[in-house]
2 protein chains.
Amino acid sequence: MDMQTSLLDRLFDAGLLIDTGVDGLYGRSSAFEDVIQRFEGLISAFGSSSPSEVIRFPPGMNRSHFEGSGYMKSFPQLAGTVHSFCGCELDHVNLLQCMAEGNDWTKDQKATDIVLTPAACYPLYPTIAKRGPLPAGGGLFDLQSYCFRHEPSKDPARMQLFRMREYVRMGTPEEVMAFRQQWMERGQELIAAVQLPVEIDVANDPFFGRAGKMLANNQRDQALKFELLIPVTSTAKKTACLSFNYHQDHFGKTWGLTTSDGAVAHTACVGFGLERIALALFAHHGLDTADWPAPVRKALWG
Amino acid sequence: MDMQTSLLDRLFDAGLLIDTGVDGLYGRSSAFEDVIQRFEGLISAFGSSSPSEVIRFPPGMNRSHFEGSGYMKSFPQLAGTVHSFCGCELDHVNLLQCMAEGNDWTKDQKATDIVLTPAACYPLYPTIAKRGPLPAGGGLFDLQSYCFRHEPSKDPARMQLFRMREYVRMGTPEEVMAFRQQWMERGQELIAAVQLPVEIDVANDPFFGRAGKMLANNQRDQALKFELLIPVTSTAKKTACLSFNYHQDHFGKTWGLTTSDGAVAHTACVGFGLERIALALFAHHGLDTADWPAPVRKALWG
């Protein structure tokens, strides 16, 4: 915990992150944003050999798509639903009275049709399924959005609102497995290009509750998830900065997504935790990007 | 309504916007994003003669700051609070049962400490106030974030999640009025540079309810808000694409923000509705950016 608080305080002091009074919710300086933007450029360069469709969704998604995804089965504690005031003028008077008295005014807010995006790829699957069967050779998509996870923490590498860049592959099991293998190699080259220490390991998602333990074990046993780990706030407990996920036919079945010959499509994604990677760069190379090693500067700024 | 639906359908058909099944919530293509990015570059070029501090907040803000801002007094119907599941394993079982039965599972979600950002500058005022008095000459800030407003609509120029770029000036009344005047001129030059028809008018915010009518009238009478209007989906009802707002000492008083000599700071902002400007460009110059007039292409792509 000490190293986490210490890095966070150093980032606040340097003005790279800006305290908002809520753990895991920070403003970013232009220097911080520049690192994110440059690293995204590097991702694009590594990804450019395979043509992809670029889509940028806003940070919220259709609630009915979210409900259909099964996210609330696995990670109910992390999701964020968006609620609004839907009352009349009298309700508004009561609301203001409630706020003035310091009472809980949020209990009468009603859920809207929007849920915060939990991972950049969640809005994609129903969108692509609606187009009909995938073309021969499947599909490859390039996504990025702010994502929300309700896990307040003093660990700067565990933000509540953070950006995730993703490539998503849809197609036959062979196509998506080849994609994942390719990105597991590319991801390590990419991180080596910015001189960060890295190791790759099989992983599991933070499924909720005791029943979730079984899901996690199953995910590990089948090696469905790998993570690229970089020490950020601790050398003992490294931070997952990239993840490589094979969903098998989960999203294909859920959304009726099929390959060109009518089989249920398989999907896989590689996700980059952009803030985590920026934090790793600042933690390893120093808080002033002008002092970063020349090869790292060259990789990012060219 | 016909022209609105027709533009939206044309944007969907061209793949520039992507339907998510919720009115006002759309995916963006790479061509759409490129226009936004290039237009932001043009804003930066116009703004670069006055040095500003760049801050990028995520699309959510501290709920206590939001509560303190008075937003729920004026626009309760537009705000979006973020809620999460905070229950135990038994609650989770009940939640899943409720979802499986197609009942309203959202009523037990609890408000988190985060509210969606209603305008890019809302998180700024308490952040700057915490630093102490402004330096001599005041402050100038450059912001951009996704903002949320709960107003589902088929008008593509009225999205629920959209990006706002802002410059915010804090200082003496003279300093902030000079800033607003400067941007009212710059804004018109900027829009002229991309060959869009434009007019400027005094305006008011959509204050809630009958009591809000008085606030709106007061705002107009005092000429606190101007808007730069461009026809997008209708020539009769033009769309506000830039707004110029003088807050007087509202945020200064609210957050204890003071000038270097201890007076309550005044504030003003210029806000660019980035999606609205992109829509205006597509509506006027056509859906293929390659066909846009050469001077417009030069202004945006250099």
Side-chain angles (χ1 to χ4, degrees), chain A residues 18-22 25-30 33 54-65 67 72-73 76-87 89 92 95-96 99 104-107 109-114 116 123 126-127 130 146 148 150 152 160-162 208-211, chain B residues 18-22 25-30 33 54-65 67 72-73 76-87 89 92 95-96 99 104-107 109 111-114 116 123 126-127 130 146 148 150 152 159-162 208-211:
Chain A
I18 296 159
D19 193 3
T20 69
V22 172
L25 182 75
Y26 310 118
R28 282 86 164 142
S29 74
S30 67
E33 289 297 287
V54 175
I55 303 182
R56 293 290 177 265
F57 290 101
M61 66 180 288
N62 182 333
R63 177 152 65 88
S64 70
H65 291 166
E67 289 167 353
M72 288 304 284
K73 278 185 199 152
Q77 78 283 19
L78 299 179
T81 46
V82 179
H83 297 230
S84 278
F85 170 79
C86 300
E89 293 197 41
H92 186 222
L95 168 76
L96 295 182
M99 288 182 88
D104 178 17
W105 60 275
T106 63
K107 61 187 188 313
Q109 296 278 98
K110 303 278 181 257
T112 69
D113 288 337
I114 294 177
L116 294 186
T127 297
K130 224 180 71 177
Y146 258 102
F148 175 80
H150 186 238
Q160 296 197 67
L161 276 162
F162 60 93
F208 181 77
R210 275 167 302 175
Chain B
I18 297 159
D19 193 5
T20 69
V22 172
L25 182 76
Y26 309 118
R28 282 89 165 142
S29 74
S30 66
E33 289 297 287
V54 176
I55 303 182
R56 295 289 177 264
F57 290 101
M61 65 179 288
N62 182 331
R63 177 152 65 89
S64 70
H65 291 167
E67 289 167 352
M72 288 304 283
K73 278 185 200 153
Q77 78 282 18
L78 299 179
T81 46
V82 179
H83 297 228
S84 277
F85 169 80
C86 300
E89 293 196 43
H92 187 222
L95 168 76
L96 295 182
M99 288 182 88
D104 178 18
W105 61 275
T106 62
K107 61 187 188 311
Q109 296 279 98
T112 68
D113 289 336
I114 294 177
L116 293 186
T127 298
K130 225 181 71 176
Y146 257 104
F148 175 79
H150 185 238
M159 296 190 187
Q160 296 198 67
L161 277 162
F162 60 94
F208 181 77
R210 275 168 301 175

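All chains are named by letter (A, B, ...) in the order of the sequence lines, taking the proteins before the strands, and each is independently numbered beginning at 1.
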inquiry  = Is any side-chain heavy atom of B:Leu116 closer than 4.5 Å to one of A:Leu116?
reply    = yes
key: Under 4.5 Å from any heavy atom of chain B - which part of A:Lys130   = side chain
key: Side chain / backbone / both / neither for A:Tyr26 at chain B, heavy atoms under 4.5 Å   = backbone
Interface moiety of B:Ile18 toward chain A, non-hydrogen atoms closer than 4.5 Å = side chain
key: Within-4.5 Å side-chain heavy-atom neighbours: B:Phe57 and A:Leu161   = no
request  = Please look at B:Thr127 and chain A and tell me whether the side chain, the backbone, both or neither of the residue comes under 4.5 angstrom of a heavy atom of that chain.
outcome  = side chain
ask   = With respect to chain B, which residue among A:Gly27, A:Ser30, A:Ser84 yields the maximal number of heavy-atom pairs within a distance under 4.5 Å?
value = A:Ser84
request  = Using the six-membered ring wherever Trp is involved, compare the ring planes of B:His83 and A:His83 and label them parallel, tilted or perpendicular (cut-offs 30° and 60°).
outcome  = parallel
message = Shorter than 4.5 Å, heavy atoms on both sides: which option in B:Ala211, B:Ala79, B:Pro76, B:Gly80 has the most such pairs with chain A?
response = B:Pro76
remark   = Looking only at B:Gly21, B:Gly60, B:Cys86, the option with the highest number of non-hydrogen pairs under 4.5 Å against chain A is B:Gly60
key: Heavy-atom pair count under 4.5 Å with chain A, highest-scoring of B:Glu33, B:His65, B:Met61, B:Met72   = B:Met72
inquiry  = Looking at every heavy atom in both A:Pro58 and B:Tyr146, which two are closest together, and how far apart are they?
reply    = CB-CE2, 3.6 Å
note = Heaviest contributor of heavy-atom pairs below 4.5 Å to chain A, chosen from B:Lys107, B:Met159, B:His92, is B:His92
query = With side chains defined as the heavy atoms from C-beta onward, is the minimum distance between B:Val82 and A:Gln160 less than 4.5 Å?
reply = no
query = What distance separates B:His150 NE2 from A:Thr112 OG1, expressed to the nearest 0.5 Å?
reply = 5.0 Å
task = Counting only heavy atoms closer than 4.5 Å, note whether A:Glu67 contacts chain B via side chain, backbone, both or neither.
result = both
message = How long is the straight-line distance from OG1 of B:Thr20 back to CG of A:Asp113, given to the nearest 0.5 Å?
response = 9.5 Å
